[in-house]
Each structure stands twice: as C-alpha cells, then as structure tokens.
Amino acid sequence: MYKLLKKDGSARRGRLNTVHGGIETPVFMNVATAGAIKGAVSCDDLETINTQVVLSNTYHLHVRTGDKLIKELGGLHRLMNCKRPILTDSGGFQVFSLASLRKIKEEGVYFRSHIDGHKIFMGPEESMNIQSNLGSTIAMAFDECPPALADRAYIKPSVDRTTRWLLRCKNEITRLNSLDTTVNPNQLLFGINQGGIFNDIRIEHAKTISEFELDGYAVGGLAVGESHEQMYDVLDNVVPYLPQNKPIYLMGVGTPSNILEAVDRGVDFFDCVYPSRNGRHGQVYTNAGKMNLLNEKFAKDMRPIDEVCTCPTCRSYSRAYIRHLLKAKEMLGLRLCVLHNLHFYNEMMTEIRTAIDAGNFKEYKRKKLEKINMKSC
RNA sequence: GGGCGAAUUCCCGAGUGGCCAAAGGGGGCAGACUGUAAAUCUGCUAGCGAUGCUUUCGAUGGUUCAAAUCCAUCUUCGCCCA
C-alpha cells in the first residue's frame, strides 16, 4: 500500500496506492467538508490546481444529505464526480468544534444537530458505517479531539477511551469491508494519536495504536489552542513512535510554515481549512508573504496576486479586479482566491517532494520560509 | 399664491431640553480564522497636545444654568389645495 521512497533527514517521500489512484506524499488534502470545496470549486477544478486528495466529513454528510442516500446513489465519489482519493474525517473533530452541542459517553457521542437541533448519536461503529456508506478511500477512526489546554486529568481517560474506540473502529471496518454490498470494500483506516501536549501520554498512545496494524497514523488534537512551539515539540517526540512504514498525517494543520516544519519532522499528510476559508475572506498566500486583497492598497493594483504563480486566477486576473469582486460580494471573487490558495498549497507540496527527491529539503525549507514570512505584502 | 410636513455625523435613519460626539443599519478602514455550525466573527469610523478639550444635528438670531431637541426668520426639498 504505502511505499517510503526516500528520506531526507526526517522528511519523507512516499506513495500511497489506493483504489482511487496513487497519492504522492507529502501531500496536502483539499478540504471539502460537505462534499464540496467551499467557494464554488468543483471536482473539475481539481485538475488545474493540482489537487491529489479531497477531504470530506462524516458528521456533515450524515446530517445532510445522509450517508444512506449517498450509498444508494453509488457513493461519494460518484455523487461528487470525484476521480481522486477522498479521505473522510470521522466526526471526531466535531466532538471538539461542536462542544456546546454534545455529550461524550463510553459508547460514543450524543450530538445535537447544528442544523435543526435533533439528537444524533455517533460512536465508533456509527462513524465507520457512515464512512463505509460514503465509500471514501480512507476512513478516519472515531476519536475525541480534546482542547489543547485540557489538563492531564482530562486527557488521560479521554485518550484511553479513544484507544478503546479505535479497536471498535477496526473491528467494524473489517466487518463492513467484507460485505458484498460495500461501496468501497478496500476502504483504508487511519488511527489517531491523542494526548494533548503531554508527551508521555502521546508516546504511550502512539506505541499502543502502532500495534493495531492500521493503514496510516494521524496525529490529532494539535493546532487547537497550543503554541507552535508546543506543537512542534509534540511532533518531535511522537512521530518517531509511529510506524515508519505507514503514512503519518498531521490533522488540521496548517499554515505553510507549519507544514514545512512538520514535513521536516516526518509528516506525510496534511489538511487545513486555511487556504479555502482564508481565501473566502480575501487573504491569499504568495511567495512574498500573505496578502489581504480587501486592503485599500490593492484597489489600483493590476498585477496578479503572485507574479510567479501559474494558477488559473493569476494567469488571468488582477488584484484590483479580485478586490472589486470581493467588495461587491461576487462569488467569483471567493472562488478565484480559493483556487489560488489551494494551488499555492498544492504547488508547495510539489516543491517539497521535489526537494526531498533531490535531497535538499532543508535548503528548500529555509528559502521558502524566508519568502512566505516576508512582510512586504 | 395658500396649507401642511421634512432637513441629524460618508449614506439611510433613531433621538424631541441635561445620561448626546449623538442608537441601529449600510458603507468605509483594519484585524482574526489551523481534522469548516465560518461568503463568518471582532474592532475602529468628527478633530485634537486626548480619563480632557474643540467643532458638529440645513442657515442665522434668540430663550435657558444647559438646545439636535423650544421660539423667530430665512433656505432647500416633499405632499396637498388653488
């Protein structure tokens, strides 16, 4: 399945083969929570922005429009007309982000729908069933993502429960994959390491889940309130204890700098709402730093967002035009920014892979960080 | 020609003697956002030597300790009658 092709320091070049095609790593997955990348980006657009993997969400698709219907329609790939691998998050993050609307129990989590308030129960088996119905390429284990600042007394039992849930996830997906009615009987399962910022809990948990022989391992519960230094420290400590012959996924991260630092610590998979959400809010990434296109200084700026960018947006449109569209609240403005940002991220991942292949990742990272942290914008 | 009504800070609009530099929108300016309850949220939006001072509610003059608010005249804009 996963092939580690080359190491450059701790940075890894690899390939994960799936039934929906190969994934060259390190990779940034483009977030399409509710079955679409927000900003009117279609699966056709993925070709022009170099997307390899799409990420969707168990909870959101279950609540609307329903995983059973999606299965009936042939699965999420068919529904979205997506020809690339799709990873589905398990709903574990919603245990964190919908904290005010849920109650955690041993059997699972009781949510109140953020749409209409009705009660929803989701445990490991439910999450696996939903993800199986969606037929995603990679399913994530159902975990609890506790807040970064939670104390030891909260984290320890939470992590232990996440471990018990992982066993239930594995058993359930094994059962589901064996049924002849399954949309994607080759669905992969990634487990998730937790432990807050407590390295001893993290390491112990990493060792435990390493024995589950999963298809990949994620580090979750980061970038949820702790500092960058704390996050990097956790990675330094935990990544070495995860199976090195499997892909390693840092969930929900992050900024371009975060990604460069995490690749340098052995991480292969990433996802983050930043490029899409920030794009919708007019903030775009360039090789000369971040830029808020809503700023007045771009009103007469007829240059493309990034002079060296080859994305569909930069090939045709100016900062002034996009600023105008954003001000006029035209959907096209959001779309152009999202396309640019995703292209920027995906392009950076290509550069990262090229650098690792060439054995000069450290040098590449140093130069890239210099560029993207420039304040000239 | 006569009658009635209205004029508020960039715009709309509340306020009808002191708690008013003046609600609330909009617009403008800036910031935030990390497995997306997020095309969302937050802050600022008369000026300044700034826990105070100055100028401001169509204009001018007046009443009052105190006026965006009361009075007079004027100007402009609506509506109605001729």
Side-chain angles (χ1 to χ4, degrees), chain A residues 28-41 53-61 63-64 86-102 111-117 120 127 131 136 138-148 162 190-194 216 218-228 230-231 249-259 261-262 267 269-283 285 290 292-299 323 325-338 341 345:
Chain A
F28 179 79
M29 299 186 281
N30 294 194
V31 180
T33 301
I37 294 171
K38 292 182 193 293
V41 175
V53 187
V54 171
L55 183 149
S56 283
N57 187 282
T58 299
Y59 168 83
H60 292 81
L61 292 172
V63 173
R64 208 158 51 184
I86 298 176
L87 179 145
T88 39
D89 185 32
S90 61
F93 187 71
Q94 279 60 49
V95 179
F96 164 74
S97 67
L98 300 180
S100 61
L101 298 175
R102 53 75 173 154
F111 289 99
R112 279 178 36 212
S113 160
H114 70 281
I115 310 288
D116 62 10
I120 300 162
S127 178
Q131 295 185 73
S136 58
I138 301 167
M140 293 306 299
F142 188 68
D143 66 332
E144 182 196 348
C145 175
T162 287
F190 282 20
I192 304 172
N193 170 255
Q194 291 288 355
V219 179
L222 289 178
V224 284
E226 81 290 356
S227 69
H228 286 178
Q230 287 172 313
M231 177 168 83
Y249 166 25
L250 176 56
M251 304 187 79
V253 173
T255 66
S257 303
N258 289 159
I259 291 172
E261 294 296 348
V267 177
F269 277 64
F270 298 90
D271 81 278
C272 188
V273 304
Y274 267 158
S276 48
R277 181 186 292 169
N278 286 349
R280 271 178 278 132
H281 299 166
Q283 186 170 92
Y285 296 88
K290 278 191 297 187
N292 186 345
L293 283 176
L294 285 162
N295 286 176
E296 194 170 27
K297 60 187 166 186
F298 300 116
R323 182 182 131 93
L325 293 173
L326 293 170
K327 282 282 175 194
K329 301 202 191 315
E330 283 294 337
M331 171 68 97
L332 180 58
L334 312 189
R335 177 177 145 81
L336 292 175
C337 289
V338 173
N341 278 351
Y345 267 68

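The chains referred to below are lettered A, B, ... by the order of the sequence lines, with proteins before strands, and numbering in each begins at 1.
- Every side-chain hydrogen bond (donor to acceptor under 3.5 Å, both in side chains) that A:Thr88 has, sequence neighbours left out, goes to A:Gln131, A:Ser136.
- Separating the CD atom of A:Gln283 from the P atom of B:G31 is a distance of 9 Å, rounded to the nearest angstrom.
- Under the 3.5 Å distance criterion, with hydrogens and angles disregarded, a donor-acceptor pair is assigned to the side chains of A:Tyr285 and A:Asn278.
- Within 4.0 Å of A:Gly39, counting heavy atoms only, lies no atom of the nucleic acid at all.
- Nucleotide B:A38 holds its P atom 16 Å from the CD1 atom of A:Ile37, rounded to whole Å.
- Using a 4.0 Å heavy-atom criterion, one finds that A:Asn278 contacts the bases of the nucleic acid, with or without backbone contacts as well.
- The side chain to side chain contact (heavy atoms under 4.5 Å, CB included) test applied to A:Leu334 returns A:Arg280, A:Leu326, A:Met331, not counting sequence neighbours.
- Between the P atom of B:U34 and the CG atom of A:Asn341 lies a distance of 15 Å, rounded to the nearest Å.
- For A:Ser227, the side chain to side chain contact (heavy atoms under 4.5 Å, CB included) partners are A:Glu229, A:Gln230, not counting sequence neighbours.
- Among the atoms of the strands shown, base atoms are found under 4.0 Å from some heavy atom of A:Ser100.
- Between A:Phe28 and A:Tyr345, the angle of the ring planes lies from 30° to 60°, which puts this pair in the tilted group.
- Residue A:Asn292 places at least one side-chain N or O closer than 4.0 Å to OP1 or OP2 of B:G31.
- Across every non-hydrogen atom of A:Pro146 and A:Phe96, the tightest pair is C-CD1, 4.4 Å.
- When heavy atoms are screened at a 4.0 angstrom cut-off, A:His60 is found touching the sugar-phosphate backbone but no base atom.
- In this structure, B:C77 and B:G5 make a Watson-Crick or G-U wobble pair, each of the two defining distances being under 3.5 angstrom.
- Using a 4.5 Å heavy-atom threshold, the side chains of A:Lys327 and A:Leu294 count as touching.
- The side chain of A:Ser97 places no N or O atom within less than 4.0 Å of a non-bridging phosphate oxygen (OP1 or OP2) of B:U36.
- A search for side chain to side chain contact (heavy atoms under 4.5 Å, CB included) contacts involving A:Arg102 returns A:Val95, A:Ala99, A:Ile104, A:Val109, A:Phe111, not counting sequence neighbours.
- The listed nucleotides are B:G35, B:U34, B:A32; the one nearest the side chain of A:Met251 is B:G35.
- In terms of the salt bridge (Lys or Arg N to Asp or Glu O under 4.0 Å) criterion, residue partners of A:Glu144 (sequence neighbours excluded) are, by chain and number, A:Arg161.
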Under 3.5 Å, which N/O atoms of the protein pair with N/O atoms of nucleotides 27-29 of chain B?
{"residue": "B:C29", "atom": "OP1", "partner": "A:Arg323", "partner atom": "NH2", "Å": "3.1"}
{"residue": "B:C29", "atom": "OP2", "partner": "A:Lys327", "partner atom": "NZ", "Å": "2.3"}

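- With a 3.5 Å ceiling on both atom-pair distances, the Watson-Crick or G-U wobble partner of B:G52 is B:C48.
- Residue contacts shown for A:Ser113 are absent, as no nucleic acid heavy atom lies under 4.0 Å away.
- Comparing A:Asn258 and A:Tyr59 against RNA chain B, the residue whose closest nucleotide sits nearer the 5' end is A:Asn258.
- As judged by a 4.0 angstrom heavy-atom cut-off over every strand, A:Asn57 is placed among residues touching the sugar-phosphate backbone only.
- Applying the side chain to side chain contact (heavy atoms under 4.5 Å, CB included) rule to A:His281 yields the partners A:Arg277; only residues at least two apart in sequence or on another chain are considered.
- Of the C1' atoms belonging to B:A67 and B:G58, the separation is 16 Å, rounded to the nearest Å.
- Under the Watson-Crick or G-U wobble criterion, with both distances below 3.5 Å, B:C57 has no partner in any strand shown.
- Comparing B:A22 with B:U76, their P atoms are spaced 34 Å from each other, to the whole Å.
- For B:A30, the paired base is B:U42 (Watson-Crick or G-U wobble, both distances below 3.5 Å).
- For the pair A:Arg277 and B:U34, the criterion of a side-chain N or O lying under 4.0 Å from OP1 or OP2 is met.
- Nucleotide B:U36 holds its P atom 15 Å from the CG atom of A:Leu101, rounded to whole Å.
- Side-chain contact between A:Tyr59 and A:Ile120 is present, with at least one heavy-atom pair separated by less than 4.5 Å.
- With B:U40, B:G35, B:A37 as the choices, the nucleotide that has an atom nearest any side-chain atom of A:His281 turns out to be B:U40.
- If you check every strand for non-hydrogen atoms under 4.0 Å, A:Leu55 touches sugar and phosphate atoms only.
- Atom C1' of nucleotide B:G35 and atom NZ of A:Lys38 are separated by 14 Å, given to the nearest angstrom.
- Using a 4.0 Å heavy-atom criterion, one finds that A:Glu330 contacts no nucleic acid atom at all.
- Here A:Met231 lies out of heavy-atom contact (under 4.0 Å) with every strand.
- B:G35: no Watson-Crick or G-U partner with both key distances under 3.5 Å is found in any strand.
- The base of B:U36 lies outside donor-acceptor range of the side chain of A:His114, with no N or O pair under 3.5 Å.
- An OP1 or OP2 oxygen of B:A37 is reached within less than 4.0 angstrom by a side-chain nitrogen or oxygen of A:Gln94.
- Atom CG in A:Leu222 sits roughly 11 Å away from atom C1' in B:G35 (whole-Å rounding).
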message: How would you summarise protein contacts on nucleotides 41-47 of chain B per nucleotide, using B for base, S for sugar-phosphate only and - for none, with heavy-atom distances below 4.0 Å?
response: -------

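- When the C1' atom of B:U36 is taken as reference, atom CZ of A:Arg64 falls 13 Å away, rounded to whole Å.
- The interatomic distance linking A:Asp271 (CG) with B:U34 (P) rounds to 12 Å, in whole Å.
- Applying the side-chain hydrogen bond (donor to acceptor under 3.5 Å, both in side chains) rule to A:Asp89 yields no partners; only residues at least two apart in sequence or on another chain are considered.
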